[in-house]
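These notes are about the structure you will find just below.
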Amino acid sequence: EEDDEEFYNSKELPDYACKYCGIHEPNCVVMCNLCKKWFCNGRGNTSGSHIINHLVRAKHKEVTLHKDGPLGETVLECYSCGVRNVFVLGFIPAKADSVVVLLCRQPCAAQNSLKDMNWEQEQWKPLISDRSFLTWLVKIPSEQEQLRARQITAQQINKLEELWKDNVDATFQDLEKPGVDEEPQQVLLRYEDGYQYQNIFGPLVKLEADYDKRLKESQTQENIEVRWDVGLNKKTIAYFTLAKTDGDMKLMHGDELRLRYVGEMHKSWAGVGHVIKVPDNYGEDIGIELKNGAGAPIECHSNFVVDFIWKSTSFDRMQLALRKFAVDDTSVSAYIYHRLLGHEVEEVLFRCHLPKHFSAPNLPDLNRSQVYAVKHALQRPLSLIQGPPGTGKTVTSATIVYQLVKQNGGPVLVCAPSNTAVDQLTEKIHRTNLKVVRLCAKSREAIDSPVSFLALHNQIRKLDTNTELQKLQQLKDETGELSSVDEKRYRMLKKSAERELLEAADVICCTCVGAGDPRLVRLKFHSILIDESMQATEPECMVPVVLGVKQLILVGDHCQLGPVVMCKKAARAGLSQSLFERLVVLGIRPFRLEVQYRMHPELSRFPSNFFYEGSLQNGVCADERKLLKIDFPWPVADRPMFFYVTQGQEEIAGSGTSYLNRTEAANVEKIATKFLKSGIKPEQIGIITPYEGQRAYLVQYMQYQGSLHGKLYQEIEVASVDAFQGREKDIIIMSCVRSNEHQGIGFLNDPRRLNVALTRAKYGIIIAGNPKVLSKQPLWNHLLSFYKEQKVLVEGPLTNLKESLIQFAKPKKLIN
Amino acid sequence: TSESHALPSGPRKVECPEDDEFLNALDKMVSENIQERMREPVKASNVDISVPVVLKSNKKTYDQLQDSADAERKTMGFVLMVRKGNKQQYKAFEADIDSELAQNLRDQELAQREE
Ligand SMILES: [Zn+2]
Ligand SMILES: [Zn+2]
Ligand SMILES: [Zn+2]
């Protein structure tokens, strides 16, 4: 046995040996075209063969067969169009002949002419079956051979792939070197001082930054076709589409891309621009506004390359905030300092003059728990306000901000992790007639929003007191450029105007990271409110906090989704826990808003009982949430909800993919169509589905298979749970997707995600899924039992829904 | 018992989060790549894909495999048609008798005979 080990670990292996396990039977190995590494078609102790493991984890897609293998040296490609992406390749056999041809699923295997040419079109099968390549392409090493080979685990495979991202020549042996395996230090509940706090969070921010950098910089795309345009601001805009890379990379407004011309019709050129349009339901094209359009090859349309530009700004700001928290004792008050670190401190109440009326001008009157929340926040240096779904969190926050300004004067700093959340709150605060400035990142100035007119860069343009600045601005707009003397003067005037506006403001609103903007650096904020704070990482929250806070209000709901951390190492170490959550664990009781105004009372019942200890009361009655004149076959008249049993065998065909779950997609389409036909507008409907793959499939399916006009379905929003957080729809249809136990991750297991999914609908919710499988999850077992008790667990055609008598699986123990 | 001492015949699957991640990522990759093809305006080219006549003449039928001489065979001969530029090339290979490929051919022939 030892001989075998040595054999597989020695460096004598041929270069076509599987980089994971060492197997080097020419019959059994394939080369990845991108990284030129070889892998075998055996799965060892994992559920996919080594080559498939590699392709999936490295996101590589093309392969070549070994010259001594069954087919000789062969690049796998579509006979017709030449595409080499093995994930879309398959084969069809000839009718009654022992001949086979490789064709891609779309469009080549779908063309009509095939039938006339004696091919059996319906017999198209993917080249990847049961998570390995078909054995007539690449053999599977014998079981004995596999046992003799290196026993690499999925964890080790993962780590090796990680190593290759930094060093393409890394080997299995490198995994054993010290340092490779080191996990970062876990976050704590309490910290001795700011230095310890920085020493723990600093490395985690670094990990996340490195991950983000690697991801962005590996996304260069070639052969891009460009359409040129000129914006209203006279800037050059380039439109193009990118091949979807993977779900990890979401392009956002304000991201920077570099466009390069590599053709021969023009001298080589490169320009950087901000993203002003991202792919959406209406079009997959991306738009960037060039920083400097002069010299751009606008007469050329093809032969462009797009690079992603990684910006360290947000990570730098977090690191800076951590540093400031550690060394600068004016960054926060002593009380806040100790509370944030988890030290025992006597609770303090501000002696303040509480107002008679707690409401704010032009905002709705507050209910009891909202009034208490405002009172609570005004009197304390640190408070947590928990706003379950639909409980008027934004109005409460806006009212708190209004009262803070009335009490202490300005400026109050108001932040949230996302621009959308900031805009929502900005709009509400503006209604109270306070002087609000919305500070946007420079890269987002071109992006329109409902509160654009409050943005600092727009307010400056409207300042009529400063005529010199106005004149220079006008000149710059008209000519596009100023002389260097004028430019200097312009910048100076603009800077002082900005400062003036900011200093005069009652409220300044920006994202958490935006609070690190140099334009705020000289300002001190006594009071800071952070909305949706459970969606920010701790270092992100610290960016505004260290601007001198003495009174900090965190608004959020730790029973809804937390921050997104991409680097798994950092997430595991605790970066994905929010400050709000840690403070709750530390024993600071969040003040909870208790009346929900969103959901039909029947819809709020389960979330209230299961996630909020039954404390959620209804501020709307059933009558206010009745769909008038809408004829929909709800199984129980007064309960606009049901679980639609979508059984059918799990189709683990081909590569075992979820896109084969057609039954559920078809059911969702039928439900959506029924609503549309009964008079519901598409924008009233939201479809939630956990996986990006299923989302794209549904969008396509409805558009092409739906019985109504495709345009109608286009306006139905289909998205992940995460995309719906913080928002509502009249009707929610939830497609759980074919679910085996493997797919539970990230969706079915997470109570917070389920909570968000169940609390988006105002008028009605329908869940489509397979109860047999779902009921294995304790959480879902509860939900299913509830639907069953309510007699809304149903099956059959929509026109004749019947209670389902299906038996649930026994749940695994609830670990929560 | 003797059973518990028996050597494993092959590696056994080990369940772990990393493997689950792989399963999810594969599912996602396949569906995304296919969806993307459906969205892209990829044109099927005009290359001739018709089944070559040359190969039709010397085809082997499933029946022939049932002949006594071939009874022991566990595989069946096939030809993969590939393209080098504009030229067709044929690569012979063996597929397992119980593979979908071989099964399908048999089904076809059975169906034809019934007609
Ligand atoms: Zn291997
Ligand atoms: Zn590769
Ligand atoms: Zn093709």
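- When all heavy atoms of His60(A) and Met29(B) are compared, the pair lying nearest together is O-CE, 3.7 Å.
- Contact check for Asn33(B) versus Lys61(A): side-chain heavy atoms found under the 4.5 Å cut-off.
- Counting non-hydrogen atoms of other residues, nucleotides and ligands closer than 6.0 Å to CG of Asp96(B) gives a total above 12.
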Quiz item: Taking it one step at a time, do Tyr79(A) and Gln88(B) satisfy side-chain contact (heavy atoms from CB on, under 4.5 Å)?
Solution: CA-CA 10 Å; Tyr79(A) 188 92; Gln88(B) 284 186 344; 2.8 Å; yes
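- With a threshold of 4.5 angstrom between heavy atoms, Asn158(A) approaches chain B through side-chain atoms but not through N, CA, C or O.
- Side-chain contact between Met76(B) and Trp136(A) is absent, with no heavy-atom pair separated by less than 4.5 Å.
- Nearest approach of Lys139(A) to Glu94(B), heavy atoms of both residues: NZ-O, 4.3 Å.
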Exercise. Determine, stepwise, if the pair Arg131(A) / Leu23(B) fulfils side-chain contact (heavy atoms from CB on, under 4.5 Å).
Key: CA-CA 9 Å; Arg131(A) 305 178 196 98; Leu23(B) 288 168; 3.0 Å; yes
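- For Leu55(A), the part lying under 4.5 angstrom from a heavy atom of chain B is the backbone only.
- In this model, no donor atom of one side chain and acceptor atom of the other lie less than 3.5 Å apart for Thr46(A) and Lys13(B).
- Going from atom OG of Ser99(B) over to atom NZ of Lys125(A) covers 10.0 Å, rounded to the nearest 0.5 Å.
- In this structure, CD1 on Ile34(B) lies 12.0 Å from CD on Gln700(A), to the nearest 0.5 angstrom.
- Chain B forms more heavy-atom pairs under 4.5 Å with one residue of Val83(A), Thr153(A), Leu102(A), Thr135(A) than with any other, namely Val83(A).
- Lys568(A) has its side chain within reach of Glu21(B): a pair of non-hydrogen atoms, C-beta onward, lies under 4.5 Å apart.
- Of the atoms belonging to Leu101(B), it is side-chain heavy atoms, and not backbone ones, that fall under 4.5 Å from chain A.
- The two residues Gly77(B) and Ser98(A) make their nearest non-hydrogen contact at O-CB, 3.5 Å.
- If you take CZ on Phe93(B) and OG1 on Thr74(A), they are separated by 10.5 Å, rounding to the nearest 0.5 Å.
- Neither the backbone nor the side chain of Tyr704(A) comes within less than 4.5 Å of any heavy atom of chain B.
- For the atom pair CZ (Phe22(B)) and CZ (Arg43(A)), the distance works out to 8.5 Å, reported to the nearest 0.5 Å.
- Considering every non-hydrogen atom in both Phe87(A) and Leu26(B), the closest pair reads CE2-CD1, 3.7 Å.
- Under 3.5 Å, the side chains of Asp19(B) and Ser47(A) contain a donor-acceptor pair of N or O atoms.
- The minimum heavy-atom distance linking Leu71(A) with Lys91(B) is given by the pair O-CD, 3.2 Å.
- Residue Gln155(A) touches chain B through both its backbone and its side chain, counting heavy-atom pairs closer than 4.5 Å.
- Glu73(A) CD: 12 or fewer foreign heavy atoms inside a 6.0 Å radius.
- Between Asn45(A) and Pro11(B), the closest heavy-atom pair is N-CB, 4.3 Å.
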